[in-house]
Q: 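Handing you a structure now.
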Amino acid sequence: MLLRNAWYVAAWSSEIPVDELLARTILNVPVALWRDSSGKVVAFEDRCCHRGAPLSKGRLEGDQLRCMYHGLLFDTTGRCVEIPGQERIPPQAKVRTFPVVEKHKWIWIWMGDASLADPSQIPDTHWLDDPEWRSLEGYTYYTTNYLLIADNLLDLAHLPYVHPNTLGGDEAYAACIPQVEKLENGVRVTRWGEGIKPAPFVQKIKNYPGPVDRWNIYDFVLPSIFLMDSGMQPSGHNAKAGDRVNAAEFRSTQALTPETDESTHYFFSQPHNFAIDDPEVTQAIHNQVVTAFQEDSDMIHAQDRMLKLTSDFKMIPIGADAALSYFRWLVANAYKAEQAISNPVKIQEV
Amino acid sequence: MLLRNAWYVAAWSSEIPVDELLARTILNVPVALWRDSSGKVVAFEDRCCHRGAPLSKGRLEGDQLRCMYHGLLFDTTGRCVEIPGQERIPPQAKVRTFPVVEKHKWIWIWMGDASLADPSQIPDTHWLDDPEWRSLEGYTYYTTNYLLIADNLLDLAHLPYVHPNTLGGDEAYAACIPQVEKLENGVRVTRWGEGIKPAPFVQKIKNYPGPVDRWNIYDFVLPSIFLMDSGMQPSGHNAKAGDRVNAAEFRSTQALTPETDESTHYFFSQPHNFAIDDPEVTQAIHNQVVTAFQEDSDMIHAQDRMLKLTSDFKMIPIGADAALSYFRWLVANAYKAEQAISNPVKIQEV
Amino acid sequence: MLLRNAWYVAAWSSEIPVDELLARTILNVPVALWRDSSGKVVAFEDRCCHRGAPLSKGRLEGDQLRCMYHGLLFDTTGRCVEIPGQERIPPQAKVRTFPVVEKHKWIWIWMGDASLADPSQIPDTHWLDDPEWRSLEGYTYYTTNYLLIADNLLDLAHLPYVHPNTLGGDEAYAACIPQVEKLENGVRVTRWGEGIKPAPFVQKIKNYPGPVDRWNIYDFVLPSIFLMDSGMQPSGHNAKAGDRVNAAEFRSTQALTPETDESTHYFFSQPHNFAIDDPEVTQAIHNQVVTAFQEDSDMIHAQDRMLKLTSDFKMIPIGADAALSYFRWLVANAYKAEQAISNPVKIQEV
């Protein structure tokens with residue numbers, strides 16, 4: 001159930017230096033990413049139109065890319081402009097290209113119908129390169145379907161259990177009931193814990209002397225983008241009303257991009273707006289998040305193995321599933337709509 | 001063709017220490033094994049009823065087990081007794097449990113219809129902890145169906161060929177025709193060799209000066225349990241009539257437990273009743289059996305690869321196949337009976 | 001689409017020393033190769049007719065081979081001549097054998113209908129052991145279908161792109177249009193480049209001071225045998241008319257043998273007829289070919305991964321595909337003819 005008409009994160013900008021090719025499979029399609037002479041990112045289907053050889057093993061020649069199997073040469077629009085030993089270039093000799101937008105350090109790609117690609121739909125992630133925020137670039141890889149990871153992000157009751165020594169901490173936070181709002185293209189979740197112990201990854205930096213108020217307020221939007229205002233601060237100030245005092249604030253920014261039906265690229269970052277001139281703090285926060293995401297990965301891959309052993313396992317829903325249930329319903333609906341467009345049912349005449 | 005209504009060995013007792021969880025898949029079902037505060041072994045399906053996360057990665061809290069994904073807590077009956085952030089526990093929030101019996105160092109489990117689980121059907125393996133016998137605990141793992149291993153155990157003509165330097169020895173023993181008796185739930189095989197060379201693994205300990213009489217008398221019973229009286233002693237005494245003089249006697253005890261259709265847990269032990277106060281003898285016997293079982297494993301895995309290459313290979317039966325043919329027939333019959341019970345054919349009304 | 005009624009290379013002669021067994025799967029069938037006491041090669045299906053155990057793990061006893069699972073003994077015709085513990089040998093107790101011919105260091109095998117095996121159809125490869133030529137024995141292994149490798153050999157436009165530092169060199173050679181002749185059982189390709197830079201692997205030995213004329217003239221015949229007259233010499237002599245002056249001449253001899261539908265044995269050699277008394281030259285040429293074949297392997301395995309990602313990729317033919325298109329058509333036709341013979345359509349009566 002992979003949505004095609006959507007913007008996905010294909011790469012960090014830094015993964016595509018000038019004069020280098022990046023090979024990455026997205027939604028089961030191999031893609032070769034490179035920059036033309038102006039620095040603009042180009043995305044080709046990573047199969048030469050001749051015999052399917054990977055163009056990511058090709059040679060960049062200015063604004064052109066040469067397949068290094070039999071020497072066909074392509075321009076940035078994917079049109080073949082040279083075939084060794086042949087004058088006439090057949091018009092169908094083209095490789096498929098994909099719309100690409102580079103914004104705030106992320107390369108966004110549109111794998112579906114190019115005529116529907118509207119860059120204004122790309123979510124705002126300006127924290128990734130805003131001078132008031134600091135973060136490092138994270139990437140991890142799953143051999144599971146992306147929805148199992150979405151489930152995880154949509155129920156943060158898991159924080160104290162999966163991440164007791166990093167993002168979690170006080171088990172009381174799991175029992176704080178979040179508010180769930182349905183958005184047209186996603187879901188907004190708001191979780192508040194008041195007068196609880198701070199999360200270990202923050203406490204290592206802030207060393208709060210007493211209890212804190214903690215919040216996780218995030219939108220999870222189609223196809224699978226996670227944007228969160230989170231943080232904690234000493235209890236006793238009016239955090240809920242926006243009065244942030246000695247707070248540790250974050251704008252966690254995450255994107256799941258299906259590689260195949262059963263594997264996922266996971267891009268993440270944890271921008272913070274305090275101690276922004278101390279790279280050690282930025283590195284320490286990043287390291288804790290990397291450790292925590294490995295904890296998630298261990299759990300989700302194990303869950304995936306359990307689910308795949310037999311097909312008859314039935315999940316029992318609980319109250320905490322509200323957000324993930326709604327999001328899966330949104331995905332199923334969007335998928336159905338895409339299928340209806342690409343395979344229209346013929347209306348029978350009477 | 002995996003029988004469900006049967007007792008299988010799930011583990012050695014020592015594999016489940018207090019305060020630890022053992023994950024083991026049996027008949028395609030993941031199982032989490034642990035001990036309650038009284039030491040009694042509990043077997044849960046290793047999938048939290050909520051989202052299928054492995055309970056074997058959970059936390060033991062006295063007589064309760066907590067899933068460490070979202071914090072659900074279960075009692076020893078599998079009933080959910082706590083959901084963080086939720087007052088009402090839905091009655092269907094339960095994990096499946098399996099009947100378990102611990103006996104003579106083995107943990108037996110019943111994966112089928114619990115109402116049919118009768119502990120009196122568990123075969124006698126008291127040699128495993130009888131003070132008159134000594135042995136060590138063996139385990140190995142196959143990536144083949146269990147019946148290929150059963151075939152091996154049901155035709156000991158393979159001993160001199162597969163195990164020339166351990167269990168085998170004299171090739172004349174392969175030509176000794178065994179007596180095969182059909183049992184209701186298995187088969188009894190009796191093989192005698194008289195005036196032959198002793199098996200190397202015994203000769204290393206006993207150093208018999210001349211020829212021996214050798215016997216392998218065993219029951220192989222459903223689902224796949226192997227219980228053998230075997231040994232050898234100098235020729236010239238009436239071994240066949242039970243007159244055992246300077247004998248090396250063993251009670252080989254083995255159990256095959258399908259992990260999946262194409263993988264098998266193999267529990268084994270080689271109790272002996274001589275030199276029982278000499279741990280070096282016990283260790284030497286065990287080491288020889290471990291070496292020999294690796295020889296079987298090499299052959300059976302190779303055979304499995306050969307059989308899987310194409311589906312059109314036809315086996316040619318020989319006389320030595322009597323026991324294995326009967327056992328496979330028993331398995332097929334028992335399987336058909338199980339299927340009939342779980343999928344009863346409706347009687348058509350006239 | 002594996003042709004069965006054809007001669008395939010099963011092994012280099014040197015791979016089957018006296019008293020050793022070689023296991024090799026060909027066209028999905030496991031084969032055990034060995035020599036009888038006269039040195040003649042025998043090819044058995046590598047599955048004992050009893051339970052399918054690999055005979056390649058058996059024991060050679062002069063002109064007989066014993067299965068080391070249960071001790072059955074077979075003569076060179078595949079007939080079982082001994083079953084331990086059993087007097088009567090069932091007539092169907094036979095392992096399948098395959099026609100084998102050893103010629104010029106190669107062991108040829110016929111996996112199809114033995115009555116059709118005609119050794120006169122084996123192509124001439126006498127360069128492999130002709131005293132006027134020198135070469136070493138090459139082998140590599142692909143996890144792809146053999147036709148992707150045949151494609152590669154049938155379009156040498158790839159030489160400058162895949163092999164810039166070994167077999168390739170001047171990109172002008174890719175644009176030299178080859179002559180393609182249809183043969184009854186294959187295709188003949190003739191490619192000439194005149195006044196071009198020499199290929200690096202030759203230049204390292206010959207150190208030609210100026211431009212060369214280069215030729216690749218080869219037959220690629222069913223099922224998948226590649227026989228080539230290739231070389232280069234200083235321009236200015238009449239190479240095309242056969243006037244070879246200071247030439248570096250080769251008789252590249254290659255054979256693709258499908259192991260399974262998705263894996264291939266690749267036997268190759270690069271005989272040369274100059275500097276034949278200098279083993280270092282022979283070794284240097286061989287090393288360059290080995291390096292180049294690894295370059296092909298990297299490209300073809302990558303192409304294979306690209307093609308397998310999705311099934312909807314459509315190849316766009318170009319002029320250079322003439323030879324490979326014809327060869328694939330020949331294979332498809334031969335395959336259809338084989339299927340018609342083994343599955344004859346019944347003629348309906350009117």
Side-chain angles (χ1 to χ4, degrees), chain A residues 144-145 147-165 168 170-180 189 191-193 196 295-325 328, chain B residues 2 4 21 23-32 44-61 64-74 78-96 111 258-263 342-343:
Chain A
T144 74
N145 182 277
L147 287 173
L148 278 191
I149 315 170
D151 290 346
N152 171 281
L153 292 167
L154 284 158
D155 182 3
L156 296 191
H158 79 268
L159 291 181
Y161 302 108
V162 177
H163 310 296
N165 303 314
D170 198 332
E171 295 192 10
Y173 195 53
C176 299
I177 299 168
Q179 181 187 343
V180 175
V189 179
R191 176 183 291 265
W192 279 96
I196 62 174
E295 291 164 347
D296 285 315
S297 177
D298 290 348
M299 178 57 82
I300 294 168
H301 281 104
Q303 177 195 19
D304 186 54
R305 285 192 296 276
M306 294 296 113
L307 294 176
K308 279 179 179 149
L309 268 171
T310 55
S311 58
D312 60 349
F313 178 75
K314 292 275 174 287
M315 292 178 177
I316 304 293
I318 65 173
D321 299 337
L324 74 86
S325 298
R328 281 188 173 242
Chain B
L2 306 180
R4 304 200 84 76
L21 283 147
R24 181 152 285 159
T25 294
I26 297 172
L27 306 187
N28 293 307
V29 178
V31 178
F44 274 17
E45 178 166 334
D46 194 9
R47 290 191 273 220
C48 178
C49 61
H50 172 217
R51 303 294 294 175
L55 294 166
S56 57
K57 290 170 75 82
R59 185 170 68 198
L60 290 173
E61 303 182 356
Q64 299 179 321
L65 172 56
R66 188 181 297 278
C67 177
M68 287 304 273
Y69 197 173
H70 301 101
L72 277 69
L73 186 68
F74 301 91
R79 202 168 52 92
C80 180
V81 294
E82 186 184 316
I83 301 177
Q86 184 168 339
E87 282 301 308
R88 204 186 73 87
I89 313 289
Q92 71 272 32
K94 295 189 68 167
V95 297
R96 193 181 169 197
M111 301 297 294
E259 179 188 56
T260 67
D261 294 273
E262 291 301 331
S263 57
S342 49
N343 306 303

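Quick note on labels: first sequence line is chain A, next is B, and so on, each numbered from 1. The shown structure was predicted, so the numbers you read here are calculated from the model rather than taken from an experiment. Every heavy atom of this structure was used, including side-chain atoms; hydrogens, water molecules and symmetry mates were not.
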Q: Less than 4.5 Å to any heavy atom of chain A: does that hold for the side chain of B:T25, its backbone, both, or neither?
A: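 Only the side chain of B:T25 comes within 4.5 Å of chain A.
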Q: Under 4.5 Å heavy-atom distance to chain A, tell me which part of B:R59 shows up: side chain, backbone, both or neither.
A: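 Contact with chain A is through the side chain of B:R59 alone.
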Q: Count the heavy-atom pairs under 4.5 Å between each of A:D298, A:N152, A:I300 and chain B, then report the option with the highest count.
A: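 Max contact count across the listed options: A:N152.
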Q: Counting heavy-atom pairs under 4.5 Å with chain A, which one of B:P54, B:S56, B:P30, B:A53 comes out on top?
A: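 That would be B:P54.
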Q: So how far is it from B:R88 CZ to A:I318 CD1, rounded to the nearest 0.5 Å?
A: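 B:R88 atom CZ to A:I318 atom CD1 measures 12.0 Å (nearest 0.5 Å).
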Q: Given a strict heavy-atom distance threshold of 4.5 Å, which part of A:L156 is in contact with chain B: side chain, backbone, both, or neither?
A: neither
Q: So how far is it from B:C67 SG to A:M299 CE, rounded to the nearest 0.5 Å?
A: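 Reported to 0.5 Å precision, the distance equals 5.5 Å.
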Q: Rounded to the nearest 0.5 Å, what's the gap from CG on A:D321 to CD on B:Q86? Could you check?
A: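 The CG atom of A:D321 sits 8.5 Å away from the CD atom of B:Q86.
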Q: What's the shortest heavy-atom distance between B:P84 and A:Y161, and which atoms?
A: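 Looking at all heavy atoms of both residues, the shortest contact is CG-OH, 3.3 Å.
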Q: Sort A:I177 into side chain, backbone, both or neither according to what part of it lies under 4.5 angstrom from a heavy atom of chain B.
A: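 Just the side chain, heavy atoms under 4.5 Å.
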Q: Checking heavy atoms, do the side chain of B:L72, its backbone, both or neither come under 4.5 Å from chain A?
A: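 Only the side chain of B:L72 comes within 4.5 Å of chain A.
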Q: So, taking the atom named CG in A:D155 and the one named CZ in B:R51, what distance separates them when rounded to the nearest 0.5 Å?
A: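 The CZ atom of B:R51 is 9.0 Å from CG of A:D155, to the nearest 0.5 Å.
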Q: For the residue pair A:A302 and B:K57, what are the closest heavy atoms and their distance?
A: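 Here A:A302 and B:K57 meet closest at CB-CD, 3.9 Å.
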Q: Can you check whether A:I316's main-chain N or O pairs, donor with acceptor, with B:Q92's side chain at less than 3.5 Å?
A: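 Flag not set: sc B:Q92 to bb A:I316 has no pair under 3.5 Å.
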Q: Between B:C80 and chain A, which part of the residue has a heavy atom less than 4.5 Å away: side chain, backbone, both or neither?
A: neither
Q: Between A:T310 and B:R47, do the side chains contain a donor N or O and an acceptor N or O under 3.5 Å apart?
A: yes
Q: Do you know the tightest heavy-atom contact between A:Q303 and B:Y69?
A: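 Looks like OE1-CE1, 3.7 Å.
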Q: Identify which part of B:R66 has an atom lying under 4.5 Å from any heavy atom of chain A, answering side chain, backbone, both or neither.
A: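 The side chain, not the backbone.
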Q: Side chain from CB out, backbone as N, CA, C, O: work out which of these in A:D296 comes under 4.5 Å of a heavy atom of chain B, or both, or neither.
A: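 The answer is neither part of A:D296.
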Q: Please state whether the side chain, the backbone, both or neither of A:D304 comes within less than 4.5 Å of a heavy atom of chain B.
A: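 Contact with chain B is absent: no heavy atom of A:D304 under 4.5 Å.
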